[in-house]
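So the structure is just underneath, and the comments pick up after that.
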Amino acid sequence: MRLDAKTLPEIGIPAPEYDRAGIGVGIVHFGVGGFHRAHQAVYLDRLMNAGEAREWGICGVGVLPGDRRMADALTVQDGLYTLLVEHPDGTRSARVIGSLVDYRYAPDDPESVVELLAAPSTRIVSLTITEGGYDIDAAADAEVSVFGLLTAGLARRRERGVPAPTIVSCDNIEGNGVVARRALTGYAERIDPGLAAWIAAEVRFPSSMVDRITPATTESVIDAVATEFGVADRWPVVAEPYSAWVLEDDFADGRPPLADAGVLLVDDVTPYELMKLRLLNAGHQSLCYFAYLAGYRLVHEAAADPLFAEFVGAYMEYEATPTLLPVPGIDLADYRRTILRRFANPGIADTVERLCAWSSDRIPQWLLPVVRANLASGGSVRLAAATVASWARYAEGVDEHGEPIHVVDQLADRLVPLARSQRDDPIAFLTDTAVFGDLAEQPRFVDAYVRALDSLHRHGARETLAHLISEVTV
């Protein structure tokens, strides 16, 4: 059955029990992809099903050319979509999510987006624009950009005396609220220093930690929703059962009762944020390049291999965990075990290639802070250095069987040639200071990196991992 507002009462899976026509837009979200639809939108849908948050519906906004497809899918389906949850035991569950009540493709009508951002009813603007989305130089060059639209909307609020909203970054960046504040005020400063000062004084930027593994939607996911649940959905989203959201309780003009939906509201998200970024996100990076080089294409298959699981576990325990702050209410050993089980969930069928993409955004945000903390404290950097070496080997663009690798990265034109020169110059990859800073001048890191890279060239991924694990000491 086709999914839209008319057919919703006949859909045979759990669906919104609230009158969506009575839901007002209180949240504007930039970057409606799989993660937002499997995470933040689900929390709001949960509240609405409980009779709460009726003024907190979401209007999604797309800015990039690739967002037009999402606009088309959501428009046809009246903002409705199916969440497919893949359980570790092989079972699946599905429900229709209804909290996304509007969607606008900004390049078609930027003025309507600016007016929406200026509206008093819009009290929260949330972001999942990826790590690279906070580059204000790129935003300044774009005809339509997130920060350009935000700045224009906030300028109208200031002129009209409308209270400032709250900007909630939900991207995997350390101090994402601070990063969002810096980017937005920096962009506004170029246009109107007075507006930048108003933003800095009035707008709130709480940091958050978000966590749910959400692979890209494939044709097999679309087929599963249709055949197993009878729903013809153009763009469902698939996710694991696990979901977490930790959010600083600092809002300029109110918020939904998020705690009622399972959000942990805290004064300082930093300990939780570091835990997730340095264990789960960097753990993904410590797995993916070695896995791809060794021939794995699906994450759960690599994570089920004892050699790879032991390496990721050792990185998390001996290098990442010592750099963390105390995390209230969290057993870190149990959290690490949970991560490995989540990686090995066969129902998710996440691709290794997805984890290997956009590495020049991810490695500096997630893994290199662990390296720098351990260099400063005298802690081990061997496993993290080996992970960087595995990225460098992957970036050569050819796997261990001579097959080409399509390196997806905004800096590929710069990094791939460096990687291909490293058999003659082993630290060539590290000389990109925009990515690595001064790590090429840190002897302890360079020694571990060069040894791992040499082993990858001579012996391959599996033997390199086995050797690294054999040298792990508590």
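Just so you know, residue 1 is the first one in the sequence shown, and it goes up from there.
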For this session: Assess whether side-chain hydrogen bond (donor to acceptor under 3.5 Å, both in side chains) is satisfied between Ser93 and His87, documenting all intermediate values.
Result: CA-CA 8 Å; Ser93 58; His87 300 275; 3.1 Å; yes
Could you tell me whether a side-chain N or O of [X] sits under 3.5 Å from a main-chain N or O of [Y], the two making a donor and an acceptor?
X: Asp135; Y: Ala138; result: yes
X: Glu319; Y: Leu383; result: yes
X: Glu202; Y: Ala164; result: no
X: Glu174; Y: Glu273; result: no
X: Glu248; Y: Val269; result: yes
X: Arg157; Y: Pro163; result: yes
X: Ser169; Y: Ala180; result: no
X: Asp253; Y: Pro165; result: no
X: Asp424; Y: Ser421; result: no
X: Asp447; Y: Pro443; result: no

For this session: For salt bridge (charged side-chain N to carboxylate O under 4.0 Å, His left out), just list the numbers for Arg462 and Asp305, CA-CA rounded to whole Å, side-chain angles, deciding distance to a tenth of an Å, and then say yes or no.
Result: CA-CA 11 Å; Arg462 293 197 70 89; Asp305 184 321; 2.7 Å; yes
Assess the side chains of [X] and [Y]: does a donor N or O sit below 3.5 Å from an acceptor N or O?
X: Arg393; Y: Ser390; result: no
X: Tyr43; Y: Ser99; result: no
X: Arg297; Y: Thr351; result: no
X: Thr128; Y: His29; result: yes
X: Gln285; Y: Thr387; result: no
X: His467; Y: Glu471; result: yes
X: Thr214; Y: His39; result: no

Roughly how far apart are [X] [atom1] and [Y] [atom2], rounded to 0.5 Å?
X: Cys170; Y: Leu247; atom1: SG; atom2: CG; result: 7.5 Å
X: Glu189; Y: Leu195; atom1: CD; atom2: CG; result: 9.5 Å
X: Ile339; Y: Met316; atom1: CD1; atom2: CE; result: 5.0 Å
X: Ile167; Y: Ser126; atom1: CD1; atom2: OG; result: 9.0 Å
X: Thr185; Y: Leu154; atom1: OG1; atom2: CG; result: 11.0 Å
X: Leu277; Y: Tyr272; atom1: CG; atom2: OH; result: 14.5 Å

Would you call [X]-[Y] a salt bridge at under 4.0 Å N-O?
X: Arg423; Y: Glu396; result: yes
X: Arg190; Y: Asp137; result: yes
X: Arg414; Y: Asp409; result: no
X: Asp89; Y: Arg341; result: no
X: Glu240; Y: Arg212; result: no
X: Asp249; Y: Arg255; result: yes

Problem set entry | Derivation and outcome, side-chain contact (heavy atoms from CB on, under 4.5 Å), residues Asp260 and Arg46 | CA-CA 9 Å; Asp260 293 350; Arg46 194 177 298 161; over 6 Å; no
Problem set entry | Tyr81/Trp235 under ring pair (Phe, Tyr, Trp, His ring centres under 6.0 Å): CA gap, chis, key distance, verdict | CA-CA 7 Å; Tyr81 62 91; Trp235 204 333; over 10 Å; no
For this session: Could you please spell out the steps behind the side-chain hydrogen bond (donor to acceptor under 3.5 Å, both in side chains) verdict for Tyr289 and Ser359?
Result: CA-CA 10 Å; Tyr289 312 106; Ser359 301; 2.6 Å; yes
Seminar exercise, completed: Per side-chain contact (heavy atoms from CB on, under 4.5 Å), Phe445 is matched among Leu430, Asp438, Val450 by Leu430
Problem set entry | side-chain contact (heavy atoms from CB on, under 4.5 Å) partner of Ser208, the single match among Val263, Val266, Asn176 | Asn176
Exercise. Under the side-chain hydrogen bond (donor to acceptor under 3.5 Å, both in side chains) criterion, do Tyr134 and Asp171 qualify, and how do the steps go?
Worked result: CA-CA 10 Å; Tyr134 296 85; Asp171 284 298; 2.6 Å; yes
Problem set entry | Test applied, ring pair (Phe, Tyr, Trp, His ring centres under 6.0 Å); reference residue, Trp391; option that passes from Tyr449, Phe436, Trp358 | Phe436
Problem set entry | Name of the residue among Tyr296, Phe290, Phe343 meeting ring pair (Phe, Tyr, Trp, His ring centres under 6.0 Å) with Phe308 | Tyr296
For this session: For residues Leu279 and Arg336, determine if any side-chain heavy atom of one lies less than 4.5 Å from a side-chain heavy atom of the other.
Result: yes
Exercise. Got Asp211 and Arg342 here, is their nearest side-chain heavy-atom distance under 4.5 Å?
Worked result: yes
Exercise. Would Arg158 and Asp192 count as a salt bridge (charged side-chain N to carboxylate O under 4.0 Å, His left out) if you check the C-alpha gap in whole Å, the side-chain angles of each, and the deciding distance to 0.1 Å?
Worked result: CA-CA 12 Å; Arg158 180 185 176 220; Asp192 180 351; 3.5 Å; yes
For this session: Dump the intermediate steps for side-chain contact (heavy atoms from CB on, under 4.5 Å) on Leu418 and Thr431, then the final yes or no.
Result: CA-CA 8 Å; Leu418 288 174; Thr431 61; 4.1 Å; yes
Exercise. Out of Arg362, Glu131, Lys276, Gln365, which one pairs with Asn172 under the side-chain hydrogen bond (donor to acceptor under 3.5 Å, both in side chains) rule?
Worked result: Lys276
Problem set entry | Cation-pi geometry met for Arg204 and Phe251 (6.0 Å, 45°) | no
Exercise. Is NZ or CZ of Arg278 both nearer than 6.0 Å to the six-membered ring centre of Trp366 and within 45° of the ring axis?
Worked result: no
Exercise. What do the steps show when you test Arg382 against Leu468 for side-chain contact (heavy atoms from CB on, under 4.5 Å), and what is the final call?
Worked result: CA-CA 8 Å; Arg382 289 182 61 255; Leu468 286 163; 3.5 Å; yes
Problem set entry | Stepwise side-chain hydrogen bond (donor to acceptor under 3.5 Å, both in side chains) check, Thr166 with Arg123 | CA-CA 6 Å; Thr166 299; Arg123 293 189 278 166; over 6 Å; no
Problem set entry | Criterion side-chain contact (heavy atoms from CB on, under 4.5 Å) on Trp56 and Leu258, from CA distance to verdict | CA-CA 11 Å; Trp56 294 104; Leu258 294 168; over 6 Å; no
